[in-house]
Protein chains: 2
Amino acid sequence: MAAHTHDHPTPGAWSAHATEALARRGGRRSTARDAVLGALAAQDCCASAQEIHDRLRGQGNRVGIASVYRTLELLHEHGLVTRVDTGDGVARFEPALPGGEHHHHAVCTRCGSVEAFADDALEAAIHAIGDRVDFEVTGHDVALRGRCRACRAA
Amino acid sequence: MAAHTHDHPTPGAWSAHATEALARRGGRRSTARDAVLGALAAQDCCASAQEIHDRLRGQGNRVGIASVYRTLELLHEHGLVTRVDTGDGVARFEPALPGGEHHHHAVCTRCGSVEAFADDALEAAIHAIGDRVDFEVTGHDVALRGRCRACRAA
DNA sequence: GTCTAGTTGATAATGGTTATCATTACCGGC
DNA sequence: GCCGGTAATGATAACCATTATCAACTAGAC
Ligand SMILES: [Mn+2]
Ligand SMILES: [Mn+2]
Ligand SMILES: [Zn+2]
Ligand SMILES: [Zn+2]
């Protein structure tokens, strides 16, 4: 093996963070849950329960779809995963990094593709709103709608 | 009748705008569609198909739920209505004003209540992103998550 | 090893939305 | 004013992502 390291989109830090948080919560460990954790840690952006399930089955892991949903719900309750609604009626999830670092999504209204972006000015503007409204802001979602490069050309 | 006018949250301008746009499109007029248009024009913020249907039935209008969905889809295709996803699996809709003036929503994660807010700095930040990414931005959604006043007290 | 309760996974149920299709009624032509 | 075609309606079935159910399994404490 060469010495080069592959920069994983989602730092391996999340995996340890999530595992520790679940351990603190109590309860048992299970292979099904570990498998979903592994799949999440390996993904660069959001994925649906079905996509995660397919990926696991593809690598020979016979995890039930119900366990995928249950694990995602559990992780979401503990703030370990971010739920992304792109508007197509399918919930997608991606790891929520411990430092709060995150990105948002641009959704193509033609082909449904999702790409990530991050913007400090946007975050600052959202943060400033929290001080102005009568609402305790704990999170936020932003989605851009429009045409991706491929669909603009087509 | 007194001379005072009631400031409708959604200016009556939308009603005329939407009616004209549908007329330009062609097709027939129908009482069911007009009823949904009327209900939308009267609402200050987003409402679900079911809520619109219930409101119409409440005032004695026997519109089928299917026609409510169809009208909302038609209006959405023509950009006359904005779809709001609060994350509870129910699509909500509100009039899209011709000038592009709009607001966003703060959703309480405890009681599900939705309140509107507008912020120029936020809009400016989002607009600036459009010039930076390889994506033709035609619209955007923003949702704040957290606790409303009532749920903070509870 | 045994026991117990958390977890699993196949499957049924749920619920918002969409498709179906026979019926209705808008509207241009006469 | 009456047709005729056809867009639109509305009751209902189908769809599909998600959730609930429950018997079987198993992690892990003792
Ligand atoms: Mn952000
Ligand atoms: Mn905006
Ligand atoms: Zn596209
Ligand atoms: Zn609340």
Side-chain angles (χ1 to χ4, degrees), chain A residues 18-19 21-39 46-57 59-78 80-93 107 112 114, chain B residues 18-19 21-39 46-78 80-81 83-93 107 112 114:
Chain A
T19 301
L22 290 185
R24 233 188 338 267
R25 155 189 176 266
R28 300 176 186 168
R29 260 187 107 166
S30 74
T31 54
R33 199 177 285 169
D34 283 347
V36 176
L37 279 180
C46 53
S48 68
Q50 198 59 246
E51 286 167 348
I52 292 172
H53 185 243
D54 290 346
R55 202 168 303 157
L56 290 174
R57 300 284 287 217
Q59 61 191 53
N61 206 323
R62 300 196 163 283
V63 177
I65 185 72
S67 287
V68 176
Y69 277 108
R70 276 188 294 242
T71 301
L72 289 171
E73 183 187 4
L74 175 66
L75 292 172
H76 191 241
E77 282 170 354
H78 288 257
L80 296 167
V81 98
T82 302
R83 180 182 167 145
V84 178
D85 281 300
T86 62
D88 61 352
V90 181
R92 291 160 204 280
F93 299 86
V107 183
V114 177
Chain B
T19 301
L22 290 185
R24 232 187 339 264
R25 157 189 174 268
R28 300 174 185 170
R29 259 186 108 166
S30 75
T31 54
R33 196 175 288 169
D34 284 345
V36 176
L37 279 180
C46 53
S48 68
Q50 198 60 246
E51 286 167 348
I52 292 172
H53 185 241
D54 291 345
R55 202 168 306 158
L56 290 174
R57 299 282 287 219
Q59 61 191 51
N61 206 325
R62 300 195 163 284
V63 177
I65 186 71
S67 286
V68 177
Y69 278 108
R70 276 189 294 243
T71 300
L72 289 172
E73 183 187 3
L74 176 66
L75 292 171
H76 191 241
E77 283 171 354
H78 289 256
L80 296 167
V81 98
R83 180 181 166 147
V84 179
D85 281 299
T86 63
D88 62 351
V90 181
R92 291 159 203 282
F93 299 86
V107 183
V114 177

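Within every chain, numbering begins at 1; the chains are lettered A, B, ... in the order of the sequence lines, protein sequences first and strands thereafter.
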In the structure I gave you, are the side-chain heavy atoms of [X] and [Y] within less than 4.5 Å of one another anywhere?
{"X": "B:R28", "Y": "B:R33", "value": "no"}
{"X": "A:L37", "Y": "A:L22", "value": "yes"}
{"X": "B:R62", "Y": "B:R57", "value": "yes"}
{"X": "B:E77", "Y": "B:L74", "value": "yes"}

query: The side chain of B:R25 lies closest to which of these nucleotides: D:dT18, D:dA8, D:dT9?
result: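 Taking heavy atoms from C-beta onward, the closest nucleotide is D:dA8.
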query: Taking the side chain of A:R28 as its heavy atoms from C-beta onward, which of D:dA8, D:dG10, D:dA27 lies nearest to it?
result: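 Of all the options, the side chain of A:R28 is nearest to D:dA27.
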task: For B:G26 and for B:R57, find the nucleotide of DNA chain D with the closest heavy atom, then tell me which residue's nucleotide is more 5'.
output: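 Checking each residue's closest nucleotide, the 5'-ward one belongs to B:G26.
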message: On DNA chain D, does the nearest nucleotide to B:A32 precede the nearest nucleotide to A:G27 from the 5' side, or the other way round? Give the residue.
response: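 The answer here is B:A32.
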query: Are A:D88 and A:V107 close enough, and set up right, to give a side chain to side chain contact (heavy atoms under 4.5 Å, CB included), and what steps lead you there?
result: CA-CA 10 Å; A:D88 61 352; A:V107 183; over 6 Å; no
Have a look at [X] and say if it touches a base, only the backbone sugar-phosphate, or nothing, with a 4.0 Å heavy-atom cut-off.
{"X": "A:R70", "result": "base"}
{"X": "B:A66", "result": "base"}
{"X": "B:A49", "result": "nothing"}

- prompt: What residues form a side-chain hydrogen bond (donor to acceptor under 3.5 Å, both in side chains) with A:S67, not counting sequence neighbours?
  reply: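 Result, side-chain hydrogen bond (donor to acceptor under 3.5 Å, both in side chains) vs A:S67: A:R70.
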Outermost DNA chain C nucleotides near chain B [under 4.0 Å, heavy atoms]: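 The protein-touched segment is C:dG16 to C:dC27.
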